[in-house]
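Worth knowing before you read on, the calculation uses all heavy atoms, side chains too, and leaves out hydrogens, waters and symmetry mates.
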Amino acid sequence: MGISLDGLRDKNLMQLKKLNIALFPVRYNDKYYADALSSGEFTKLAYYSDICVGAIACRLERKEGGSIRVYIMTLGVLAPYRGLGIGTKLLNHVLDLSAKQNISEIYLHVQTNNDEAIAFYKKFGFEITETIENYYTNISPPDCYVVSKLLSVSAAKK
């Protein structure tokens, strides 16, 4: 059984919408999907034997000074398919792509009670860098952690 990644396009956008409804307590707006589409290779759908079972959706942000950082808007895998390396494959794809493009920072928000997600990101060298109270509306707890990873950018590639 192979795991394959596919880019996000208008024609498979509905797959991401369906996944998000199944995975997350938050409803995402049109801007989320526009950002995901415009991120290019930084947003991927994961297929397990031709079934769409997970996705990573990112937004590229320009920092002051012009450097780009990656914000992971969502990363999720349907429960029956967890533990198969799908989330790892999705996250590694974005980490590798960031390194190739000399992007030095990747970050995301995680609900403070989401121990599984926090442990997952820590395995990849992410660290909790901030706590934001009342970040989420309509879900409990409303607080989140900012979880970040700094990548070493090699000057040789320039």
* Asked: Would you call Lys31 and Met73 a side-chain contact if the rule is heavy atoms closer than 4.5 Å?
  -> no
* Would a 4.5 Å heavy-atom cut-off, applied to side chains only, mark Phe126 and Val110 as touching? -> no
* Flag for Glu61-Tyr107: side-chain donor and acceptor within less than 3.5 Å -> yes
* For Gly87 and Val77, work out which heavy atoms get closest and say how close. => N-CG2, 3.7 Å
* **Leu78 side chain reached by Ile86 side chain, heavy atoms, under 4.5 Å** => no
* **Any side-chain heavy-atom pair of Tyr81 and Ile51 under 4.5 Å** => yes
* Asn20 and Arg27: side chain to side chain contact (heavy atoms under 4.5 Å, CB included), yes or no, with the steps? -> CA-CA 8 Å; Asn20 284 346; Arg27 291 294 156 261; 6.0 Å; no
* Structure fact -> To the nearest 0.5 Å, atom CD1 of Ile72 lies from atom OG of Ser39 at 11.0 Å
* Structure fact -> Closest heavy-atom pair, Tyr32 versus Ala57, reported as atoms and distance to 0.1 Å, is OH-CB, 3.3 Å
* Structure fact -> Scanning both residues in full, the closest heavy-atom pair of Ser140 with Asn113 reads O-ND2, 4.2 Å
* **Exam field: side chain Ser67 to backbone Lys63, donor-acceptor pair closer than 3.5 Å** => no
* Asked: Is Leu150 linked to Val147 within one hydrophobic cluster, defined over Ile, Leu, Val, Met, Phe, Trp and Tyr using a side-chain heavy-atom separation of less than 4.5 Å?
  -> no
* Asked: Is it true that Tyr145 and Phe124 fall in one hydrophobic cluster, defined by side-chain heavy atoms closer than 4.5 Å?
  -> yes
* Atom OG1 in Thr43, atom CG in Leu75: separation rounded to 0.5 Å? -> 11.0 Å
* Asked: How many angstroms lie between atom CD of Gln111 and atom CD1 of Ile118, to the nearest 0.5 angstrom?
  -> 9.5 Å
* Asked: If we only count heavy atoms from C-beta on, is the Ile128 to Tyr121 side-chain gap below 4.5 Å?
  -> no
* **Short side-chain donor-acceptor distance under 3.5 Å, Tyr71 and Asp35** => no
* To do: Kindly say whether Ile3 contributes a backbone atom to a donor-acceptor pair with the side chain of Lys89 at under 3.5 angstrom?
  => yes
* Asked: Could you give the distance from SG (Cys144) to CG (Asn114), rounded to the nearest 0.5 Å?
  -> 11.5 Å
* Kindly give the heavy-atom pair with the smallest separation between Ala99 and Leu151, and that separation in Å. => N-CD1, 4.1 Å
* Structure fact -> With Leu45 as partner, the option from Leu16, Leu90, Ile56 fulfilling side-chain contact (heavy atoms from CB on, under 4.5 Å) is Leu16
* Find the distance between OG (Ser148) and CG (Leu108) and round it off to the nearest 0.5 Å. => 7.5 Å
* Kindly compute the distance separating CG (Leu95) from NZ (Lys149), expressed to the nearest 0.5 Å. => 6.0 Å
* To do: Would you check if Tyr47 and Gln15 make a side-chain contact, meaning some heavy-atom pair closer than 4.5 Å?
  => yes
* Asked: Can any side-chain N or O of Asn12 pair as donor or acceptor with the backbone N or O of Arg9 at less than 3.5 Å?
  -> yes
